[in-house]
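All remarks here apply to the structure that follows.
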2 protein chains.
Amino acid sequence: MTSPRHVRRTPAGAAAAQAIPVPVLRRMPGYLQALRQFRTEGLEWVSCTRLAGRLGLDPALARKDFTALDITGKPKTGFPVTGLIRAIESCLGWDNVRDAFLVGAGSLGRALLGYRGFREHGLNIVAAFDTDPGKIGSSLHGTQVLPLSKLAGLARRMRVAIGIIATPAAAAQEVADLMVAGGLRAIWNFAPTSLSIPPEVLVENEDLSRTLAVLSQRLQARRALELEENG
Amino acid sequence: MTSPRHVRRTPAGAAAAQAIPVPVLRRMPGYLQALRQFRTEGLEWVSCTRLAGRLGLDPALARKDFTALDITGKPKTGFPVTGLIRAIESCLGWDNVRDAFLVGAGSLGRALLGYRGFREHGLNIVAAFDTDPGKIGSSLHGTQVLPLSKLAGLARRMRVAIGIIATPAAAAQEVADLMVAGGLRAIWNFAPTSLSIPPEVLVENEDLSRTLAVLSQRLQARRALELEENG
DNA sequence: TCTTAATCGTGAAATTAAGCACGTTAAAAA
DNA sequence: TTTTTAACGTGCTTAATTTCACGATTAAGA
């Protein structure tokens with residue numbers, strides 16, 4: 001008789017299970033980064049205590065987070081470092097690379113194209129698009145810049161699933177519409193604007209000003225406090 | 001008799017009040033962006049209903065968020081657009097510009113230097129630093145690139161409070177130490193690594209891979225679901 | 001072999017955030 | 001002037017997230 005010890009939340013088998021909460025997913029890259037560091041240090045096993053300690057998290061939180069993975073730890077020993085790395089990568093879909101299109105060959109777009117690390121995050125930017133004739137035809141970090149008008153057709157033909165928007169805010173909605181038309185399934189939006197997108201297309205907004213808001217408000221509050229206490 | 005109608009959470013006056021929760025602060029830039037758009041459309045008053053609607057949020061959430069501000073709305077009318085903009089900017093400390101140092105003149109650093117919008121977010125990058133002799137002395141988007149060794153001294157002399165780390169992960173901790181030594185009060189870290197920093201220095205990590213983790217896991221989960229349902 | 005100690009997995013408690021509901025208020029309409 | 005309506009502010013409810021606590025398990029040492 002088959003005995004399912006754990007409810008699989010990851011694909012592999014069985015019914016579609018609970019969605020992994022966003023806060024959990026957002027912690028995964030941090031674990032991964034620390035684990036890779038442990039691996040280069042030659043460590044083969046690591047406990048949640050040590051791993052969470054390095055990241056400033058509660059050990060119980062790490063243990064709970066890892067219940068979303070297809071891996072289980074051993075008492076007294078912890079988790080196998082490489083096994084845990086693989087489990088996280090598999091959970092995030094970072095174990096096989098997906099092609100992506102990037103739109104906007106400005107400074108942000110160029111920076112994203114220049115970042116080699118995306119490969120390790122399951123992302124391969126295969127083409128860039130822009131409307132500026134001065135940029136079209138050039139090559140940035142080995143990636144061709146093509147006219148935006150070709151996006152939808154190429155996306156369909158190449159079965160690209162992910163689009164990255166790195167344009168000014170004013171152009172973002174138009175680009176998003178083209179991406180939807182091209183059948184892309186997920187959009188990573190760096191433009192500081194909210195997009196309207198049909199629900200079957202995933203969107204994640206990357207807005208630097210959100211983090212900056214936290215930083216600058218806290219700094220200001222701390223300043224105000226000091227002023228109040230001292231002189 | 002003095003009647004304090006509202007507890008001020010913002011500076012202005014009185015006791016140090018409750019810290020504004022991070023989720024609230026992270027929504028503020030979104031409000032701001034929508035409000036600026038409304039302003040260019042000529043709107044003078046806006047209700048939470050309409051504002052939240054544009055951003056896909058619950059109106060009550062917006063109202064609750066605005067209790068952290070030094071502004072109050074009018075029934076039937078809502079909030080004055082420019083007043084609300086000012087109140088949010090003041091809350092975040094974006095109403096007066098702060099100088100910042102940036103370390104790392106690679107592609108990410110150049111992109112950040114090239115982004116003109118930081119001025120509107122209270123941030124003015126006054127100098128960049130690097131260790132690469134090929135970059136030192138050059139000028140990027142009008143900003144001088146200086147040797148990293150000068151950071152601490154200049155930070156003290158110029159009373160710079162904010163540091164931006166845009167280096168590879170391997171160099172980040174060393175740069176952070178220099179920033180602490182230079183008396184910086186807040187660090188915006190773009191390197192994918194966790195820093196150890198004394199508690200009197202604020203740190204916010206900007207890690208693109210966190211958002212990417214959410215996007216790619218969701219995409220993968222959706223794919224798995226489709227495969228299960230259809231063929 | 002037996003004891004000790006570190007860690008796992010997990011249910012329960014606490015904390016935090018989001019959504020709802022309702023009394024109050026001000027503008028506009030009757 | 002009175003009525004109607006849209007929206008505010010806020011206490012209460014619900015949901016989500018984190019932390020605590022503890023029994024179970026396994027490696028290592030006595």
Side-chain angles (χ1 to χ4, degrees), chain A residues 3-10 17-28 30-31 35 38 43-81 83-84 87 210 213-214, chain B residues 3-10 17-28 30-31 34-35 38 43-81 83-84 87-88 210 213-214:
Chain A
S3 58
R5 296 276 299 277
H6 299 286
V7 178
R8 296 255 170 104
R9 291 159 189 274
T10 349
Q18 205 69 18
I20 302 172
V22 170
V24 176
L25 291 175
R26 292 181 60 88
R27 278 189 294 270
M28 290 295 181
Y31 295 130
L35 285 165
F38 283 134
L43 214 64
E44 293 187 16
W45 294 83
V46 67
S47 68
C48 287
T49 312
R50 194 203 278 219
L51 177 55
R54 168 87 55 121
L55 298 168
L57 302 173
D58 188 298
L61 185 60
R63 279 202 289 273
K64 207 153 260 186
D65 286 348
F66 297 161
T67 61
L69 306 174
D70 258 342
I71 194 171
T72 177
K74 274 206 290 193
K76 184 84 178 185
T77 315
F79 290 80
V81 173
L84 194 46
R210 289 214 290 243
V214 179
Chain B
S3 59
R5 297 275 301 276
H6 299 285
V7 178
R8 295 259 169 103
R9 291 159 187 275
T10 347
Q18 203 70 20
I20 302 172
V22 170
V24 176
L25 290 175
R26 290 180 61 88
R27 279 189 292 270
M28 290 296 183
Y31 294 130
L35 285 165
F38 283 133
L43 214 65
E44 293 188 14
W45 294 83
V46 67
S47 67
C48 287
T49 313
R50 195 201 279 219
L51 177 55
R54 167 89 54 125
L55 298 168
L57 302 173
D58 188 299
L61 185 59
R63 279 203 290 272
K64 207 157 262 181
D65 287 347
F66 296 160
T67 60
L69 307 174
D70 257 341
I71 193 173
T72 179
K74 276 207 288 193
K76 183 83 178 187
T77 314
F79 290 81
V81 172
L84 194 48
I88 294 177
R210 289 215 291 241
V214 179

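In what follows, every chain begins at residue 1, and chains take the letters A, B, ... in the order their sequences are listed. Heavy-atom basis, side chains included; hydrogens, waters and symmetry copies ignored.
Nearest heavy-atom pair, A:R26 versus B:R26, reported as atom, atom and distance to 0.1 Å: NH2-NH2, 4.2 Å. For the residue pair B:L43 and B:V81, the shortest heavy atom distance occurs at O-CG2, 3.5 Å.
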Seminar exercise, completed: Nucleotide by nucleotide, nucleotides 25-30 of chain D touches protein heavy atoms under 4.0 Å in the pattern (B base, S sugar-phosphate only, - none) BBB---
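Distance B:R63 CZ to C:dC20 P: 12 Å, rounded to the nearest Å. Going from atom CG of B:L25 over to atom C1' of C:dA18 covers 16 Å, rounded to whole Å. The separation between B:L84 atom CG and D:dC8 atom P is 10 Å, rounded to whole Å. Whole-Å rounding puts the B:R26 CZ to C:dT16 C1' distance at 16 Å. As rounded to whole Å, 13 Å separates atom C1' of D:dA7 from atom CG of B:L51. Rounded to an integer number of Å, the gap from B:W45 CH2 to C:dA28 P is 11 Å.
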Close N or O pairs between protein and nucleotides 13-20 of chain D (under 3.5 Å):
unit_1	atom_1	unit_2	atom_2	d
D:dT18	OP1	A:R27	NH1	2.8
D:dT18	OP2	A:R27	NH1	3.4
D:dT18	OP2	A:R27	NH2	2.9
D:dT19	O4	A:K64	NZ	2.8
D:dC20	OP2	A:D58	OD2	3.4

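Atom CG in A:L35 sits 5.0 Å away from atom CG in A:L84 (nearest 0.5 Å). Expressed to the nearest 0.5 Å, how far CD of A:Q18 lies from OG1 of A:T67 amounts to 11.0 Å. A distance of 11.0 Å separates CZ in B:R27 from NZ in B:K64, rounded to the nearest 0.5 Å.
Side-chain contact check for B:D65 versus B:Y31: some heavy-atom pair is nearer than 4.5 Å. Considering only heavy atoms from C-beta on, B:F79 stays 4.5 Å or farther from B:W45 through its side chain.
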Exercise. Between A:L69 and A:M28, is a side chain to side chain contact (heavy atoms under 4.5 Å, CB included) present by the stated rule, with each step listed?
Worked result: CA-CA 10 Å; A:L69 306 174; A:M28 290 295 181; 3.9 Å; yes
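Put simply, A:T72 has a side-chain N or O that comes within less than 4.0 Å of OP1 or OP2 on C:dG9. An OP1 or OP2 oxygen of D:dA7 is reached within less than 4.0 angstrom by a side-chain nitrogen or oxygen of B:S47.
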Would you list the atom pairs, donor with acceptor, under 3.5 Å between side chains in residues 46-57 of chain B and any protein atom, with sequence neighbours excluded?
unit_1	atom_1	unit_2	atom_2	d
B:S47	OG	B:R50	N	3.2

